[in-house]
Each structure stands twice: as structure tokens, then as C-alpha cells.
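As a basis for the values below, the full set of heavy atoms in this structure was taken, side chains included, without hydrogen atoms, waters or symmetry mates. Throughout, a chain's letter reflects where its sequence line sits, starting with A, and its residues are numbered from 1.
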4 protein chains.
Amino acid sequence: MGIQERKERERERRRQGIMLAAKRVFTAKGYENSTMEDIAKEAELSPGTLYLYFKNKDALYASLSLRVLQYMTVRLEHALEDGSKSYADLKAALLEAMYDIYDFDAVILNNMFHLQSSETLKELSDDILEEINALSRKALRMITAVFSTGMGEGVIHKYHPTAVADIFWSMFTGAVLWEETKKMINPERYTLRETLDTSFDILYRGLDIRSAP
Amino acid sequence: MGIQERKERERERRRQGIMLAAKRVFTAKGYENSTMEDIAKEAELSPGTLYLYFKNKDALYASLSLRVLQYMTVRLEHALEDGSKSYADLKAALLEAMYDIYDFDAVILNNMFHLQSSETLKELSDDILEEINALSRKALRMITAVFSTGMGEGVIHKYHPTAVADIFWSMFTGAVLWEETKKMINPERYTLRETLDTSFDILYRGLDIRSAP
Amino acid sequence: MGIQERKERERERRRQGIMLAAKRVFTAKGYENSTMEDIAKEAELSPGTLYLYFKNKDALYASLSLRVLQYMTVRLEHALEDGSKSYADLKAALLEAMYDIYDFDAVILNNMFHLQSSETLKELSDDILEEINALSRKALRMITAVFSTGMGEGVIHKYHPTAVADIFWSMFTGAVLWEETKKMINPERYTLRETLDTSFDILYRGLDIRSAP
Amino acid sequence: MGIQERKERERERRRQGIMLAAKRVFTAKGYENSTMEDIAKEAELSPGTLYLYFKNKDALYASLSLRVLQYMTVRLEHALEDGSKSYADLKAALLEAMYDIYDFDAVILNNMFHLQSSETLKELSDDILEEINALSRKALRMITAVFSTGMGEGVIHKYHPTAVADIFWSMFTGAVLWEETKKMINPERYTLRETLDTSFDILYRGLDIRSAP
DNA sequence: AATGAATGAGAATTCATTCAT
DNA sequence: CATGAATGAATTCTCATTCAT
């Protein structure tokens with residue numbers, strides 16, 4: 001029985017190894033320009049082996065998205081779990097969580113919408129698809145809760161909380177994306193932290209009940 | 001020379017025709033899934049002809065990005081040109097301009113970072129690349145000026161004006177992107193205008209000097 | 001308009017060229033062991049070109065089957081068309097036709113049932129499939145008519161005419177197949193004509209009303 | 001040595017198990033569409049194990065052909081062994097034997113000529129090849145003997161007895177094959193027995209000395 | 001200038017076979 | 001003996017690009 005477990009663990013290890021290799025390659029070249037052979041080489045495996053762990057290239061990509069989403073929900077859960085936290089604490093915790101999530105896998109996060117192509121979606125197993133959707137919804141629900149709390153406390157303006165969560169999320173991905181773009185043109189400076197800080201500073205301020213009418 | 005000119009005009013006309021066809025195809029299928037033959041068919045030309053007007057597929061795509069950027073700078077110029085406008089007027093004009101830009105070509109706008117892939121960039125002629133960069137900088141400079149004006153008037157907080165412009169831009173693209181994503185999952189509701197309105201409402205409020213410290 | 005026609009003719013010419021090359025390769029190696037590259041090489045074309053004329057490998061194969069069937073029906077039509085022929089004449093003409101058909105393309109005829117694999121069938125366009133079926137039925141109907149005539153004249157036993165046609169056809173393909181097998185083992189002797197002569201001699205005799213009860 | 005024997009027996013047992021699994025898979029999917037893994041799964045073994053019993057996929061297939069041929073020769077031997085039987089008895093016994101053989105393994109019987117591909121033959125060990133040939137010849141010799149007897153008795157026409165045996169065999173395989181084809185197009189009706197009955201009825205009648213000249 | 005047939009360099013994927021455990 | 005993970009060659013098919021007409 002120990003054997004069974006060890007095998008299982010090794011299998012998972014290898015799966016992770018492939019995913020990390022894939023992440024590096026996708027990050028460097030983008031999805032379409034990355035070949036399965038590139039990824040195999042990066043993982044120091046043969047191309048055929050990849051298919052023992054992932055049904056096809058899209059499934060491999062989807063699993064990376066899943067990985068970010070899983071990390072994100074866990075991280076958010078951890079940050080926001082204490083139901084008794086005040087909005088002031090929650091909004092700070094939320095920010096910290098977003099930084100971590102960005103560090104975890106910025107690129108996949110951005111390109112997650114590769115999955116949107118309906119061609120791609122069709123090929124994915126329903127399980128994966130369902131899980132991706134479930135995790136997305138869950139993450140968004142948690143972000144929404146933060147702003148609901150703030151509204152409940154009467155410390156922020158009464159927008160539709162889901163809309164605010166959307167905006168929060170848009171701002172985050174927009175900033176990450178834009179940072180990548182700027183990095184391409186001008187690789188040396190790396191200022192996402194500052195940009196995000198300022199972004200959310202303005203956002204939080206704009207929401208604040210004490211802000212102008 | 002009248003003949004020369006007419007020829008030139010006709011050439012430009014055809015170029016535009018190809019670009020519009022390409023835009024339609026890219027919009028419908030995405031960059032990688034669009035073939036040169038698709039575009040040729042849409043333009044009612046033969047594949048070979050496309051190469052008389054564009055060096056290759058990437059150049060065609062880049063020219064579309066250029067087109068959006070050109071529209072964007074022209075539109076912003078027009079909106080913001082009057083140096084004597086107040087921040088209050090400018091910020092309203094800026095918003096109007098962004099809506100127009102979105103309407104002009106949302107999809108290319110979103111996918112502009114397709115060009116980021118360094119593989120792609122390598123193949124582009126320096127001219128095009130330089131022009132893209134120049135236009136981007138110009139557009140950003142104009143947006144920056146709006147917020148500089150606000151700071152000069154003392155009606156908004158003194159962040160770094162370029163950072164605020166970045167954030168403005170991030171928020172815009174983030175919202176557009178996120179809207180596309182939601183559309184995929186839940187195609188019926190289409191609320192970008194409202195989301196953008198709320199986004200910029202909060203942003204402007206957050207910048208407002210009367211907002212909380 | 002002459003140009004249009006010439007193009008059409010050349011296209012058809014090339015199509016035929018590919019089909020003949022494919023026939024040679026399939027004959028030498030069998031369907032599964034023949035690669036599209038083999039066929040391209042044999043046709044002195046590049047692999048990509050094959051796909052301009054045939055949707056995929058199966059379609060190419062199917063078109064070869066179609067070709068035999070077309071030849072077969074035309075040849076049978078020609079042999080049996082004169083409605084006033086006696087059974088004696090018809091049965092001789094039928095034999096001659098079968099020899100010609102064998103000469104035209106023995107191997108494809110045998111492997112035609114490659115198409116039976118339901119996997120294969122699914123991928124074929126309905127048009128081709130329908131045509132294959134239609135031609136098969138037509139050929140069999142003509143063969144049936146020969147034996148019906150014989151029964152009408154009262155010169156052969158009253159079996160079910162369709163069954164007799166089936167048997168005639170089975171005997172033919174069985175003989176061709178068996179001949180191929182023997183050729184593999186013992187390549188020098190080539191006796192299909194004689195075997196077929198004897199086969200049909202016995203068959204015709206067995207049908208003859210004057211044969212034993 | 002009892003151990004030795006038991007081991008030998010067990011080994012043979014497992015070999016048979018693999019062959020039966022392979023037969024089921026080949027029958028369901030055809031040779032090319034069956035993977036070694038399919039067969040391993042059906043045999044409840046791992047792919048590697050198959051190679052402990054069969055040199056490669058072709059050898060496994062060949063061993064199945066051998067199995068049919070072995071059954072065929074044994075069955076024919078049993079049916080025809082009594083040297084004193086009359087042609088009338090022999091021809092009836094032959095028919096019965098053929099039905100049994102068909103029941104034993106119709107599909108492999110039909111596809112036996114898969115082995116003909118010279119590519120395939122090259123890979124087979126000489127032993128197997130020789131045995132296949134020897135069994136084929138033996139079976140054919142026995143069939144030939146039946147018709148020789150008939151000619152000796154003066155009850156059937158004096159064709160070349162080997163040729164008649166060939167025809168008998170061709171008719172059998174042709175009918176089986178054609179039946180399969182018809183089954184594909186029109187799966188419900190299944191009439192091989194009747195077709196074979198009629199076929200051989202006509203054949204025997206055609207051979208009969210009392211038939212027309 | 002325009003055409004569009006032809007090219008051929010890949011890309012994803014499969015699967016018979018091997019070999020360390 | 002048995003396993004089954006890993007291999008990597010081979011195959012089908014696509015599509016950006018070229019070039020003779």
C-alpha cells in the first residue's frame with residue numbers, strides 16, 4: 001500500500017514538473033508559439049510522455065490555469081476567512097493576497113482567456129471546464145464579500161458589490177497586462193508593485209464614503 | 001503626376017480594404033486561427049495579392065494595431081487639444097474618447113499585446129515598430145496631461161501623473177478584457193458601458209482631492 | 001472561357017495523376033503501410049498538394065474505389081445494354097466485362113472493403129458514400145438482370161436471381177483475392193484467367209437447367 | 001520435471017489467453033486500429049507482458065492465423081480421414097467442416113491476407129511463415145483429395161483437381177467477405193448460411209457429371 | 001498588378017517497443 | 001516473470017509564403 005502511495009506521489013510530482021516546464025515555455029514564447037516538443041525538452045522528457053499526463057496541449061494549458069485559480073482561491077480563503085474582520089482589515093488582506101497571486105503565476109493569469117476561444121473550450125473535458133468555472137466564481141464571490149462588508153459597515157459607497165468586485169479584478173489584470181507590455185518595450189524597470197499600490201490606493205479611496213459625492 | 005497620384009490612392013484604398021477584411025476575420029477567429037486564405041477570401045482577393053501590400057501576416061496584424069493607435073491618438077488629440085480646458089472638462093472628454101476608441105476596434109485593442117511576443121516583434125520592420133511605440137507614447141502623454149492639469153488645478157491628489165495615466169489605461173483594458181471573458185461564459189448580458197462608467201466614476205472620485213486622505 | 005475549361009481539364013488531369021500514383025502505392029504496400037508522403041513522391045508532388053485535391057487520405061482512397069466502380073458500371077452497361085440479347089450472349093459478355101474490370105484495377109477492387117470500417121465511413125463525405133453505394137447497387141442490378149433473363153428463358157434453375165448475382169460476385173472477388181495470395185507465396189505463376197474461366201464454367205454449368213437435380 | 005511441465009502448461013495457457021484477447025480486439029477494431037495496449041487491457045495484462053509471449057504485433061497476428069489454420073486442418077482431417085468414404089459423403093462432410101471453420105474465426109480467416117503485405121512478411125520469423133504455408137498446403141491438399149475422389153468415381157467432370165479446390169476455397173472466402181460487406185451496408189439481415197448453401201449447391205451441381213456439357 | 005497552384009517546413013499526436021524496477 | 005512508464009520515430013495534415021503565368 002505504501003507502494004501505491006509512492007507511485008501516486010511520483011506521478012503527481014512528474015505532472016507538476018511538466019506543468020512547471022510548460023509554464024516556463026508558455027511564459028517565454030506564448031501559447032501558440034510553444035510546441036509540445038519545446039515543453040518536452042524543457043521538462044527533459046520525450047514528447048510522448050507529455051501525453052501520458054495531459055490529453056493534449058489545450059488540456060495542459062487548462063491545467064495551468066486551474067493551478068493559478070486553485071492557488072488564488074486558497075490564498076483568498078486564507079486571507080479573508082475570519083468572518084469577524086473589519087473592512088479595513090479585509091481590504092488590506094485582499095491586497096496582500098493579490099500580490100501573492102501575481103507572484104505565483106502572472107503570465108498564465110493574463111492569458112487565461114486563451115481558454116475563451118470556443119474552439120478551445122469544446123475540446124476540454126467537462127470536468128476541467130466545470131472546475132475552472134467553479135473556482136472563478138468562488139474567487140469572485142470572496143472578493144465581492146469584502147466590498148459587501150464595507151457597505152454593511154457603511155464605510156464605502158453603495159455600488160453593486162459584484163460590480164465593484166469586477167472592477168477590482170479588472171484593475172488587477174489590467175495592471176498586470178500593462179506591466180508586461182511595458183516590460184517588453186523597456187525591460188529594465190519593474191514597477192508593478194508600485195503601480196498596483198497606487199491603483200488600489202485610488203480605488204479604495206474612490207470607494208470610501210468620505211470621498212466626494 | 002495625376003496618374004501617379006491616382007495609382008497611389010488606389011493602392012491605399014486596396015490596402016485599407018485588406019485591413020478591414022483582416023480585422024473582421026481576426027475579430028471572428030483570433031489571430032492564430034485566421035489563415036491568410038481566410039483573409040484573402042474575405043477581401044475578395046487571392047492570397048498572393050495580400051503579400052503585395054503586406055510583407056507577411058504579422059505585418060498585416062501590426063498595421064491593424066497601428067490603425068487603432070492612430071485613431072486613438074487622433075481622437076484623443078481632438079478631445080483634449082484645447083489647452084485651456086479645465087480638468088473637469090478634460091476628464092469628461094477623455095471618457096468620451098475612450099468609448100469611441102473602444103467602438104472603433106475593441107478586439108484589436110485587446111489583442112494588441114499579441115505583438116509582445118518577442119518572436120513576433122523580431123519579424124516586424126523597425127519602421128512599424130517605431131511607429132507603434134511612438135503612437136503609444138503619444139497617447140499616453142496626452143492622457144498624462146489630463147491628470148497633470150488636474151493636479152495643477154489642485155483638484156486631484158498629487159500622484160505621479162504618468163502612473164495615473166497607466167492606471168487609467170490599465171483599468172480601461174482590464175475592463176474590456178474582463179467583459180469579453182464574462183461574455184464567453186454568459187453571452188447574453190452585455191454591460192461594458194455601465195462597468196466602464198462605474199469604473200471611471202470610482203477612479204475619478206478616488207483621485208478627487210476631496211476624497212479621504 | 002477557353003481558359004476556364006483548360007484549367008478545369010488540367011485540374012482533372014492532376015487529380016487523375018494523383019489517383020494513379022496512389023493506386024500504385026496502395027497496390028505495392030497496402031493502405032495502412034502507404035504514407036501520404038509515399039504517394040506524393042510517386043506523384044512527384046509535395047505532400048501538401050495532395051490535400052488540394054483530396055480532403056484526406058481516406059477520401060483519396062475512396063475516390064479510387066469510386067473509380068473502379070464507375071469503370072465497372074460503364075463496362076457492364078456497355079456489355080449488357082442490348083435488351084434483346086439472349087442469356088447465352090449475356091453470360092459471355094458478362095464474363096468478358098469481368099476480365100476487363102479485373103485488369104482495370106484488381107487490388108482496389110479487393111480492398112474496397114477497407115471502406116467498411118465504420119471509422120472510415122464516418123469521415124467520408126456523404127456525397128462520395130452515396131455514390132459508392134449507388135454504383136454498387138447499379139452494378140449488382142445489372143448482373144442480376146443477366147440471370148433473370150436466363151430464368152425467363154427457362155434455361156437456368158430458378159434460384160433467387162439476386163442470390164445468384166451475389167454468388168457470381170463472391171466467386172469473382174474470391175478468385176481475385178486468392179490469386180493475390182498465391183502470387184505472394186509463389187510469384188511466378190499467374191493463372192487468374194484460367195482459374196476464372198474454370199470457375200465460371202462450373203458456375204454456369206451448375207445453373208444450367210440441364211444439370212443434375 | 002513435473003514443475004517444468006506445469007510451467008510449460010501455464011505458459012501455454014497464458015499465450016492462449018493473449019491470443020483470445022487479441023482475437024476479440026482485432027475482430028472488433030481491425031488490425032491497424034487495435035493497439036497493443038487494447039489487447040493488453042482485454043487480456044488483463046500489461047503491454048510489456050505481451051512481448052514475453054510474442055515477438056511483436058505481427059507475430060501475434062500471425063499466431064492467430066496459425067490458430068485458424070490449425071483448426072482448419074484438424075477439422076478437415078477429421079471430416080475426410082476415412083479413405084473409404086464416397087464422394088457423396090465427402091462433399092457433404094467438407095461442407096459441414098467449412099461451416100465449422102467459419103464459426104471458429106470468421107474474421108481472422110478473412111483478414112489472413114493481411115499477412116500478404118510483403119512488409120509484414122519480412123518481419124515474421126521463418127518458422128511461423130513456414131508453418132503457415134505448410135498448413136495452407138495441407139488443407140488445400142485435403143480439399144483437392146475430395147474432388148480427386150469424385151473424379152476417380154467418375155461422378156464429376158475432369159477439371160484439374162487443384163483448380164477445383166482453389167475455386168471451392170475462393171467461393172468460400174468470397175462469400176464470407178461479401179457477406180461482411182453487405183452486413184456493413186444493411187446490418188439486419190444475416191444470411192451467410194443460406195448463401196453458402198446455394199453457392200455450394202450450384203458448385204456441386206456444376207461439377208456433377210450429369211450436368212450439361 | 002493579380003492570381004492561385006504548389007510548396008515544404010513544421011506541429012500535434014499516436015503507439016509499438018523497451019527496460020529499469 | 002510481470003510491470004507500465006517512458007521513449008521517439010513516424011504520420012497526417014496545415015498554412016504562410018512563393019512564383020510562373
query = Between C:Glu10 and C:Arg14, is there a side-chain N and carboxylate O pair less than 4.0 Å apart?
reply =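 Judged by the 4.0 Å cut-off on N to carboxylate O distance, C:Glu10 and C:Arg14 do not form a salt bridge.
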Nucleotide of [options] approaching [X] most closely (side-chain heavy atoms):
X       : options               : result
B:Tyr51 : E:dA2, F:dA5, F:dT18  : F:dT18
D:Thr35 : E:dT3, E:dA16, F:dT17 : E:dA16
C:Lys57 : E:dT7, E:dA16, F:dC13 : F:dC13
A:Tyr53 : F:dT17, F:dA5, E:dA12 : F:dA5
D:Ser46 : E:dA2, E:dA16, F:dT3  : F:dT3
D:Pro47 : F:dA2, F:dG4, F:dC13  : F:dG4
D:Arg11 : E:dT13, E:dA2, F:dC1  : F:dC1

In this structure, how many angstroms lie between the [atom2] atom of [N] and the [atom1] atom of [X], rounded?
X       : N      : atom1 : atom2 : result
D:Asp38 : E:dA16 : CG    : C1'   : 12 Å
C:Glu37 : F:dA9  : CD    : P     : 15 Å
A:Glu32 : F:dC15 : CD    : P     : 11 Å
A:Phe54 : F:dA6  : CZ    : C1'   : 16 Å
B:Leu50 : F:dC15 : CG    : P     : 15 Å
D:Met36 : E:dT17 : CE    : P     : 6 Å
C:Asn33 : F:dA10 : CG    : C1'   : 12 Å
B:Leu52 : E:dT3  : CG    : P     : 9 Å

query = Is it true that a side-chain atom of A:Thr49 and a backbone atom of A:Leu45 form a donor plus acceptor pair closer than 3.5 Å?
reply =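 No, the answer is negative, given that no donor and acceptor are paired below the 3.5 Å cut-off.
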ask   = Can the positive tip of A:Lys57 be found less than 6.0 Å from the middle of the six-membered ring of A:Tyr31, inside 45° of the ring normal?
value =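 Flagged: A:Lys57 positioned over aromatic ring of A:Tyr31.
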query = Starting at the 5' end of DNA chain E, which residue's closest nucleotide do you reach first, A:Thr49 or C:Glu44?
reply =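 Counting from the 5' end, the first nearest nucleotide belongs to C:Glu44.
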query = E:dA6 phosphate, OP1 or OP2: any side-chain N/O from C:Arg14 under 4.0 angstrom?
reply =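 Checking E:dA6 against C:Arg14, a side-chain N or O does come within under 4.0 Å of OP1 or OP2.
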ask   = Taking only residues two or more places apart in sequence, or in another chain, which ones meet A:Glu37 in a side-chain hydrogen bond (donor to acceptor under 3.5 Å, both in side chains)?
value =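 For A:Glu37, no residue satisfies side-chain hydrogen bond (donor to acceptor under 3.5 Å, both in side chains) once neighbours in sequence are set aside.
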query = Will you find, in the side chains of B:Glu8 and B:Gln4, an N or O donor that is under 3.5 Å from an N or O acceptor?
reply =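 No - no donor-acceptor pair under 3.5 Å links their side chains.
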key: Pair pattern of DNA chain F in dot-bracket, where unpaired bases get dots and | marks partners in another strand, Watson-Crick or G-U under 3.5 angstrom   = .||||||||||||||||||||
request  = With side chain to side chain donor-acceptor pair (under 3.5 Å) as the test, would you mind laying out the steps for D:Asn56 and D:Tyr61 before giving the verdict?
outcome  = CA-CA 9 Å; D:Asn56 56 35; D:Tyr61 192 89; over 6 Å; no
request  = Measure the shortest side-chain to side-chain distance between C:Tyr53 and C:Leu60 over non-hydrogen atoms and say whether it is less than 4.5 angstrom.
outcome  =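 Result no, sub-4.5 Å side-chain heavy-atom pair not found.
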